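The following block contains the structure, expressed as structure tokens.
Just so you know, these numbers come straight off a predicted model, no measurement behind them.
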Protein chains: 2
Amino acid sequence: MSRTTIDEVAKAAGVSKATVSRVLSGNHKHLRTSTRLRVEKAIQALNFRPSSVARSLTSKRTHTVGVLVADISNPFYPDVFHGIEDSALKEGYSVFLCNTNYDLARGKHYIQSLIDKRVDGVLIMTSSFSQEWLVELERSNVPVILLDWEVQTRGHNVSTIAVDFQRGIQAAVEHLVQWGHRRFAHVGGPPHLQTSKDRRTAFLQAVAAHGIDPATVPVIDGNLRIDGGRQAMHELLSLPELPTALFAANDLTALGILLETRAHGIAVPEQLSVLGLDDIWLAAQSDPPLTTVALPRYEIGQLAMRLLFELLEKPRADYIEVVSTLVRTTLVVRGSTGPAPTGEAPVRVG
Amino acid sequence: MSRTTIDEVAKAAGVSKATVSRVLSGNHKHLRTSTRLRVEKAIQALNFRPSSVARSLTSKRTHTVGVLVADISNPFYPDVFHGIEDSALKEGYSVFLCNTNYDLARGKHYIQSLIDKRVDGVLIMTSSFSQEWLVELERSNVPVILLDWEVQTRGHNVSTIAVDFQRGIQAAVEHLVQWGHRRFAHVGGPPHLQTSKDRRTAFLQAVAAHGIDPATVPVIDGNLRIDGGRQAMHELLSLPELPTALFAANDLTALGILLETRAHGIAVPEQLSVLGLDDIWLAAQSDPPLTTVALPRYEIGQLAMRLLFELLEKPRADYIEVVSTLVRTTLVVRGSTGPAPTGEAPVRVG
DNA sequence: GTGAAAGCGCTAACAT
DNA sequence: ATGTTAGCGCTTTCAC
């Protein structure tokens, strides 16, 4: 039982398949209404749906894109994906989701597979990737949008979305300084990730702008997960002097910190202000709710897809078109930040 | 600059495209090694990759499946997706991810699109769906695996994966009873969802098995989200008598309950035992860590994909093959459950 | 062992 | 306003 084809419809409607094709593609200009209706009725009757596969073979468009993410379980990505998907849906596109699981070889494999499938474009949103991927895509002439927080990008002519961490982090530091904080610390992500460096640098610069020597600011490495935050807070406790405000590289880290402060009887924000970054949904649900630098994830996804469409619209030239955008971050004030404790460093209980 | 085709390879290797096709599909049986090598070299040299689109047109297989989920932001789905993806990858399949956002029309649209794209199969994992979807898929002869916790299934001949909530929930209740609990309550999901009913029924039956009249067990409706849990706990507090153990329909609800107990100074598990269901990663990270009935999400995904492949292997007949499986749930004991408080009902503070 | 030719289900000139 | 004819890039008989 094979699917009904355009030929059968043509036969049923007593026209040629060219005519059927015309009504399919809405080429109503030169079509007698009566025949159009007749064809449409036949289509209905036979429950005919044109094969995208056959269409793609001639049109050279699959209306399909591939999205590579590091790990969809990471709360960052689902929101990005929603943005991508909603933009894609509007243009009638479908999206292949590919988890690299932080595995470059797996990513390479997916890239190949996507190229073979003749996707119209690829979105790379993995936190790290290999140049090889870009090379493959480039020589297959597949447009790419890259979520740019890796240093490798430079030197390659790919379209990118970059995140302006500075803006939001500056606002956050200002907020803390206004509360009287002068002793800060930072819990970063894995130090080899560019995004970790970006966030740390933005923070230290912002702090420096308020006359605080960045060299005096303790920086502890986390892993962008809750347990990393706990661990970091633990280490922080052995410092001779506790800071009054803590900036974590992401919300999960901040949440871990929160958990650990509670275990040690440190009151947030009375004794310690804690600041996250991301604004995942969980941030609003913690106790206390987390003050954080919001990263517009949905918008990032949406934008990435839009940029891709921009690329797709332009007549595919032999040279690579490049488009780029910067995405803003903003401060969301909740309950985990407050006035700096007066007098002594926070008391340690427990 | 169009992609290189099988013809060019044939020309370069000085053979016919039939021969190239043979080496592509590993038809080495009747091929002289020397020619095979020659062709392979040409393939390398031209960086030739056969078009999946063209292949699909003849082979009638796209090596592609569609997965419909309600909302990939729901922590339940990413794990399922990983399972699906890993199984799919092993067989060289790619997967379209489609969020219905709990919108039946959107789901319908995706189904149509997937059919048009000639996917080899569809996995439906939305918490609710419409019969229409199944009808469309059936008449297009597209195999479906359904994550079955909706009543609509019955009467339709679809392959399903069902979840055996009973087993895990029974174990959980037993665990609580052994700790002396006799006064239970349940915070369910939206009452119209079959899965909500299943969980509630399983719980009440398990409780009844220990000689407790289910009619005396308070049941409050939640929404499977944290805020629903908070709200439910709030309502619970106005009851004349507080239970000593609470079973929530899922972990997020339980986490919300935990948050609210803290706000009201109720100690968990000393005054109240709280039990969740799902075992999302967050469950291990809460304070206290959540005791929960684990739902093997990764395995569900893996299994779903495997079942689909089973269907795909069978010669596509005119009648619909049906395969089905039951997935087990298990109890994971952590810190949110403990001995029932002795004497009076828990004291309310704050 | 390898080639020629037909066909998969469409679209897009080019005719009429 | 509609039909005819080539492809699109492969796979697959069927010959030789």
Side-chain angles (χ1 to χ4, degrees), chain A residues 1-40 42-43 46-64 115-120 140-141 316, chain B residues 1-40 42-43 46-64 115-120 140-141 316:
Chain A
M1 183 187 128
S2 106
R3 326 262 304 69
T4 110
T5 77
I6 200 173
D7 281 283
E8 313 182 42
V9 176
K11 204 146 297 170
V15 297
S16 75
K17 49 184 196 166
T19 302
V20 178
S21 176
R22 283 182 187 111
V23 349
L24 282 180
S25 48
N27 231 347
H28 293 173
K29 314 180 186 191
H30 305 294
L31 271 190
R32 197 174 301 161
T33 311
S34 65
T35 55
R36 178 169 59 81
L37 258 37
R38 199 147 33 91
V39 170
E40 279 166 355
I43 289 179
L46 297 176
N47 185 229
F48 168 70
R49 306 237 87 213
S51 157
S52 297
V53 175
R55 292 185 126 173
S56 297
L57 189 58
T58 35
S59 69
K60 266 96 169 63
R61 285 291 183 113
T62 54
H63 293 274
T64 280
I115 291 176
D116 293 351
K117 288 231 155 71
R118 299 298 189 263
V119 294
D120 292 346
S140 290
N141 212 18
R316 302 285 298 128
Chain B
M1 183 188 129
S2 105
R3 327 263 303 68
T4 111
T5 75
I6 199 174
D7 281 282
E8 314 181 41
V9 176
K11 205 146 294 170
V15 296
S16 75
K17 49 184 195 165
T19 302
V20 179
S21 176
R22 285 184 186 109
V23 350
L24 282 180
S25 49
N27 231 347
H28 293 172
K29 315 181 186 190
H30 305 294
L31 272 189
R32 198 174 299 161
T33 312
S34 65
T35 54
R36 177 169 60 82
L37 259 36
R38 199 145 35 89
V39 170
E40 278 166 355
I43 289 178
L46 297 176
N47 184 228
F48 169 70
R49 309 234 86 214
S51 158
S52 297
V53 176
R55 291 187 127 172
S56 297
L57 190 57
T58 34
S59 69
K60 264 100 171 59
R61 284 290 184 117
T62 54
H63 294 273
T64 280
I115 291 176
D116 293 351
K117 290 231 154 71
R118 299 297 188 263
V119 294
D120 292 346
S140 290
N141 213 18
R316 303 286 296 127

Just the table, please: protein N/O against nucleotides 13-16 of chain D N/O, every pair under 3.5 Å.
none

Establish, with yes or no, whether the OP1 or OP2 oxygen of C/dT11 is under 4.0 angstrom from a side-chain nitrogen or oxygen of A/Arg55. yes
DNA chain D nearest-nucleotide lookup for A/Thr33 and B/Ser51: closer to the 5′ end is A/Thr33
Can you give me the N/O atom pairs linking the protein to nucleotides 6-8 of chain D at distances under 3.5 Å, or say none if there are none?
residue: D/dC8; atom: O3'; partner: A/Lys60; partner atom: NZ; Å: 3.1

Open item on the list: Strictly below 4.0 Å: does A/Ser25 bring a side-chain N or O up to OP1 or OP2 of C/dT11?
Closed with: no
Donor-acceptor check, side chain of A/Lys117 to backbone of B/His63, threshold 3.5 angstrom: yes or no? yes
When B/Leu31 and A/Val20 are each assigned the nearest nucleotide of DNA chain C, the 5'-most assignment goes to B/Leu31
- Any sub-3.5 Å donor-acceptor pair from B/Ser25's side-chain atoms to B/Ser21's backbone N or O? yes
To the nearest angstrom, the CG-P distance between A/Leu46 and C/dG9 comes to 14 Å
Taken to the nearest whole Å, CD/B/Glu8 to P/D/dG9 is 8 Å
Rounded to whole Å, the CD1-P distance (B/Ile6 to C/dA5) equals 17 Å
- Message: Please tell me if B/Thr19 has a side-chain N or O lying less than 4.0 Å from either OP1 or OP2 of C/dG3.
- Response: yes
A/Arg118 CZ to C/dC10 P, in whole Å, measures 21 Å
- State whether A/Ser21 places a side-chain N or O below 4.0 Å from either non-bridging phosphate oxygen (OP1 or OP2) of C/dT11. yes
(Q) Over all strands shown, is A/Thr35 touching base, sugar-phosphate only, or nothing at heavy-atom distances under 4.0 angstrom? (A) sugar-phosphate
Inset, instruction - Just call it for A/Val53: base, sugar-phosphate, or nothing, with non-hydrogen atoms closer than 4.0 Å on any strand. - result: nothing
